[in-house]
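Taking it in order: structure first as structure tokens, then the write-up.
Just follow the structure's listing: the first ligand is 1, and inside any ligand the first atom is 1.
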Amino acid sequence: MKNILNWPSLMLVLILALVISGCNTGGDSSSGSGGSGDNTSEAKGTIEQIKERGKLIAGVKYDTKLFGLKDPASGEVEGFDIDIAKALAKQILGDETKVELKEVTSKTRIPLLQNGDIDIIIATMTITDERKEQVDFSDVYFEAGQSLLVKNDSDITGLESLGGVKVLAVKGSTSAQNIREKAPDAEVLEFDNYQDAFTALKAGKGEALTTDNIILIGMQQTDNNYKLVGGNFTSEPYGMAIRKGDSAFVSEVNSLLKSLQDSGDYDTLHEKWLGAKPE
Ligand code: GLU
């Protein structure tokens with residue numbers, strides 16, 4: 001009885017051993033291109049997740065005219081960053097409508113990416129060394145610079161006039177950090193988003209609002225009682241942020257940027273949102 005039971009198991013072990021050793025000796029992993037999606041060496045990459053889900057989830061701004069602004073009437077979110085998100089959906093899924101635009105703020109965007117709530121951040125985000133410790137970035141797709149927005153009749157002319165002045169900024173932005181270094185005598189008040197910061201400026205809660213020039217220009221377009229002063233006193237190269245270590249997705253995004261440049265579509269987008277082709 002014992003023998004009858006043991007023989008098949010022994011044979012099985014032998015067969016298994018032969019199969020495994022056979023696999024190893026023939027072990028040229030490059031022949032695995034026809035393998036059945038067996039990419040188990042790493043957790044599933046973002047591109048696979050997007051394809052399985054059938055849509056890209058992009059973290060974008062809802063409060064930033066020109067880059068990502070939600071129209072409360074139509075519910076549509078529009079801007080330069082939004083069109084890039086649509087182009088990425090088209091490149092990966094063949095359909096630019098297959099994108100969900102989730103709202104992020106300057107403070108929430110990195111945690112939302114790290115939690116897996118969004119696939120990518122496309123939200124006026126400056127590439128910095130500090131942020132590179134938490135996320136990976138695409139190539140630069142826009143060059144902004146920090147400036148100041150003040151009332152037309154304000155005496156403030158630039159950083160040198162900010163001593164004792166209340167300056168409004170947004171939490172989690174490079175702007176809030178930079179202004180403390182560049183104007184240490186200013187009093188910095190931080191808000192959750194740009195809508196709130198601009199409302200506070202209009203309500204006289206501060207005399208200047210600071211962030212990227214292009215965001216301030218968007219605000220000024222909605223209310224010409226305000227002007228930009230002080231020039232650009234930082235360099236803010238925008239990049240799209242991706243979860244750390246997903247080099248395949250970074251390459252995909254960079255190839256999108258390259259094809260937008262090569263086709264002239266980048267210039268068209270630039271002109272559509274910012275009024276002129278890039279210099
Ligand atoms: N580009 C700056 C930053 O990444 C300011 C704009 C923003 O807050 O998104 O912090």
*What's the spacing between Q195 CD and T199 OG1 if we round to 0.5 Å?*
5.5 Å

*What atoms in ligand 1 come closer than 4.0 Å to a heavy atom of S106?*
7 (C), 8 (O), 9 (O)

*Without hydrogens or angle criteria, can the side chains of T124 and K61 be said to hold a donor-acceptor pair below 3.5 Å?*
yes

*Is the Lys NZ or Arg CZ of K202 less than 6.0 Å from the centre of F198's six-membered ring, within 45° of the axis?*
yes

*Under a 4.0 Å heavy-atom limit, does T64 contact ligand 1 with its side chain, its backbone, both, or neither?*
neither

*Applying a 4.0 Å heavy-atom criterion (strictly less than), which segment of R131 is in contact with ligand 1: side chain, backbone, both, or neither?*
side chain

*Contact summary for E103 and L112, nearest pair of heavy atoms*: O-CD1, 4.0 Å

_Suppose I only count heavy atoms of Y238 and a 4.0 Å limit; which atoms of ligand 1 are within that range?_
1 (N)

*Atoms of ligand 1 less than 4.0 Å from M125 heavy atoms?*
4 (O)

*N/O to N/O below 3.5 Å, does that happen between T124 and ligand 1?*
yes

*May I ask you to check whether Y238 and D81 show a side-chain donor-acceptor distance below 3.5 Å?*
no

*Answer with side chain, backbone, both or neither: which part of A144 has a heavy atom less than 4.0 angstrom from an atom of ligand 1?*
neither

*Is the shortest heavy-atom distance from the side chain of T105 to the side chain of Y194 under 4.5 Å?*
no

_Tell me the protein heavy atom at minimum distance from atom 10 (O) of ligand 1, and give that distance in Å._
T174 N, 2.8 Å

_4.0 Å heavy-atom contact, I215 with ligand 1_ = yes

*Under 4.0 Å from ligand 1, counting heavy atoms only, is it the side chain of K107, its backbone, both or neither?*
neither

*asked:* Can you report which non-hydrogen protein atom sits closest to atom 5 (C) of ligand 1, along with the distance?
replied: D212 OD2, 3.2 Å

_Residues Y226, K151; criterion side chain to side chain contact (heavy atoms under 4.5 Å, CB included); working and verdict_ = CA-CA 4 Å; Y226 294 87; K151 263 212 156 136; 3.5 Å; yes

*Could you give the distance from NZ (K98) to CD1 (I50), rounded to the nearest 0.5 Å?*
13.0 Å

_Under 4.0 Å to a heavy atom of S175 - the qualifying atoms of ligand 1, by number_ = 5 (C)

*Just distances here: any N/O of K61 and N/O of ligand 1 closer than 3.5 Å?*
yes

*Residue A123 vicinity, atoms of ligand 1 by number, heavy atom under 4.0 Å*: 9 (O)

*Which is it for S173 and ligand 1 at heavy atoms under 4.0 Å: side chain, backbone, both or neither?*
both

*Does an N or O anywhere in Y194 fall below 3.5 Å from an N or O of ligand 1?*
yes

*asked:* Checking S161 against T157: is there a side-chain donor and acceptor pair closer than 3.5 Å?
replied: yes

*asked:* Under 3.5 Å, is there a donor on one side chain and an acceptor on the other for S106 and S173?
replied: no

*For Q146, which of T126, N178, N232 qualifies under side chain to side chain donor-acceptor pair (under 3.5 Å)?*
N178

*Consider every N or O of T211 and every N or O of ligand 1, then say whether any pair is closer than 3.5 Å.*
no

